[in-house]
Number of protein chains: 2
Amino acid sequence: MPNNTTLHKKNSTKEKILKVSTALFSVSGYRATSMRKIAKEVGIRESAIYNHYKNKEEIFLEVAKGIFSSPFTKEELDIKESALKGKVFLQNFVMQYKLLTFDKNNENMFRLLMIELFQNKELREQFMSEFHEKNIKILSEVFFIMMQNSLIRSQDPMMISYEFLSTLFYIRLQVTLMRFDNNSANLLSTQFEKHVEFFWESIRV
Amino acid sequence: MPNNTTLHKKNSTKEKILKVSTALFSVSGYRATSMRKIAKEVGIRESAIYNHYKNKEEIFLEVAKGIFSSPFTKEELDIKESALKGKVFLQNFVMQYKLLTFDKNNENMFRLLMIELFQNKELREQFMSEFHEKNIKILSEVFFIMMQNSLIRSQDPMMISYEFLSTLFYIRLQVTLMRFDNNSANLLSTQFEKHVEFFWESIRV
DNA sequence: GTCTATACATCGATAGAC
DNA sequence: GTCTATCGATGTATAGAC
């Protein structure tokens with residue numbers, strides 16, 4: 001969904017290549033996804049792909065961009081105001097995280113991230129900065145404000161941000177694993193709410 | 001280190017293949033590791049490999065075995081006795097986990113696990129049962145006993161086991177990522193201890 | 001048990017006609 | 001922009017001599 005103009009639903013070949021590649025990469029990873037498979041799925045010959053992308057790596061990097069451009073931190077609202085909500089903020093944050101976890105598009109991206117994390121240095125760096133540090137930074141600020149307003153006990157904001165985020169990540173990984181094999185993730189999905197409850201009880205004054 | 005007999009330090013070709021393969025697989029994953037590379041590293045021709053292993057898949061499965069056979073839960077001591085130690089048990093558990101995280105051998109295995117987790121169904125199932133559920137089970141038993149002895153507050157043992165374990169996993173992932181790119185993981189390594197402190201304060205009576 | 005030689009599939013990528 | 005044709009590299013695996 002390009003946000004520049006309104007039209008632009010033109011199913012250009014380039015867009016189709018990107019869409020198909022995203023699906024293939026996220027299921028099989030970089031190496032197992034061949035230009036031939038992409039071409040076949042798109043409905044053109046391999047050589048035609050090179051009219052749109054320089055090479056396979058360029059397609060992958062374009063796909064990889066989408067991993068972190070997703071609305072991970074679209075909640076850039078007013079942090080100060082949000083923080084004053086206390087527990088409600090955490091509940092909202094987790095709900096957002098949960099929605100991403102169960103969103104088909106984001107699920108594919110997360111899977112791709114996991115597959116390529118140890119095979120692509122650029123992706124690792126992006127993971128650290130865009131995924132981890134960005135979230136830790138926002139949470140730290142929020143927790144700091146909560147402490148100032150005596151909503152929670154005084155502790156190292158970064159440390160408790162880490163505690164809060166790490167469990168979310170682990171639940172997400174497990175859910176994605178389960179759903180990949182078409183197993184039900186119902187039981188797991190309640191872990192999100194349980195986590196908020198437990199965590200809030202751990203930090204509140 | 002085979003534990004059956006004492007000798008057996010014979011650097012047989014088969015063992016060398018396994019060793020080399022483990023290193024290559026854990027860095028590049030299954031597909032990117034070719035029989036040619038393995039052969040070259042071992043110092044023989046590709047065809048000679050087939051005297052020891054049926055095919056590439058067989059080598060990989062042999063390597064994969066090592067992922068979960070490592071001393072992940074070697075602490076099968078007396079659970080009841082351990083649980084009564086309260087916080088000290090958790091500290092020991094985390095220390096074990098930390099040692100594994102920084103052990104070169106286990107680091108490779110963990111990396112391999114992450115790379116292949118979404119590309120090998122068998123590995124996913126093993127991860128769930130051997131890595132996740134096994135740890136959750138042990139921790140749940142321990143926490144249950146702690147509750148019975150009024151060392152910690154009454155809560156769902158599985159839930160708090162999940163909370164405890166998930167952060168350990170996340171720290172481990174981060175440490176492994178950092179060390180893969182030769183970055184220092186010193187700052188991160190203290191997260192293990194911080195986690196125990198925070199967690200214990202959250203559950204103790 | 002290791003070698004040479006080879007088979008054969010698939011890979012990413014390019015040249016040039018249309 | 002897409003096609004056919006083709007390249008060279010790389011992939012797994014086998015046959016048979018030593």
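In the text below, chain A, chain B and the rest are named by the order of the sequence lines, each starting its count at 1. Model, not experiment: these values are computed from the prediction.
Phe143(A) pairs in a side chain to side chain contact (heavy atoms under 4.5 Å, CB included) with only one of the listed residues (Asp156(A), Leu90(A), Ile138(A)), which is Leu90(A). Under the ring pair (Phe, Tyr, Trp, His ring centres under 6.0 Å) test applied with Phe169(A), the options Phe110(A), Tyr97(A), Phe164(A), Tyr162(A) reduce to a single match, Phe110(A). Put simply, the residue from Lys134(A), His132(A), Gln126(A) that forms a side chain to side chain donor-acceptor pair (under 3.5 Å) with Glu130(A) is Lys134(A). The only option from Leu173(A), Val27(A), Leu112(A) that meets the side chain to side chain contact (heavy atoms under 4.5 Å, CB included) definition with Phe118(B) turns out to be Leu173(A).
Rounded to an integer number of Å, the gap from CD1 of Ile17(A) to P of dG12(C) is 14 Å. Between the NZ atom of Lys37(B) and the C1' atom of dA9(D) there is a distance of 13 Å, rounded to whole Å. Going from atom CD1 of Ile44(B) over to atom C1' of dT4(C) covers 15 Å, rounded to whole Å. dG1(C) atom C1' lies 16 Å from atom CD of Glu46(B), rounded to whole Å. The separation between Glu58(A) atom CD and dA13(C) atom P is 10 Å, rounded to whole Å. As rounded to whole Å, 10 Å separates atom P of dG12(C) from atom CZ of Arg31(A). For the pair Lys54(A) NZ and dA13(C) P, the interatomic distance rounds to 10 Å; values are reported in whole Å. The CD1 atom of Ile38(A) sits 13 Å away from the C1' atom of dA13(C) (whole-angstrom rounding).
Heavy atoms of Thr13(A) sit under 4.0 angstrom from primed sugar atoms or phosphate atoms, though from no base atom.
Comparing dC3(D), dT14(D), dG11(D) by their closest approach to the side chain of Lys56(B) singles out dG11(D). Picking from dC3(D), dA13(D), dA13(C) the nucleotide with the shortest atom distance to the side chain of Asn55(B) gives dA13(D). The nucleotide whose nearest atom lies closest to any side-chain atom of Ser47(B) is, among dT4(C), dT12(D), dA13(C), dT4(C).
Toward the 5' end of DNA chain D, the nearer of the two residues His52(A) and Arg36(A), judged by each one's closest nucleotide, is His52(A).
You won't find any donor-acceptor pair under 3.5 Å spanning the side chain of Ser34(B) and the base of dT12(D), going by distance alone.
When all heavy atoms of Ile59(B) and Leu18(B) are compared, the closest pair comes out as O-CD1, 4.3 Å.
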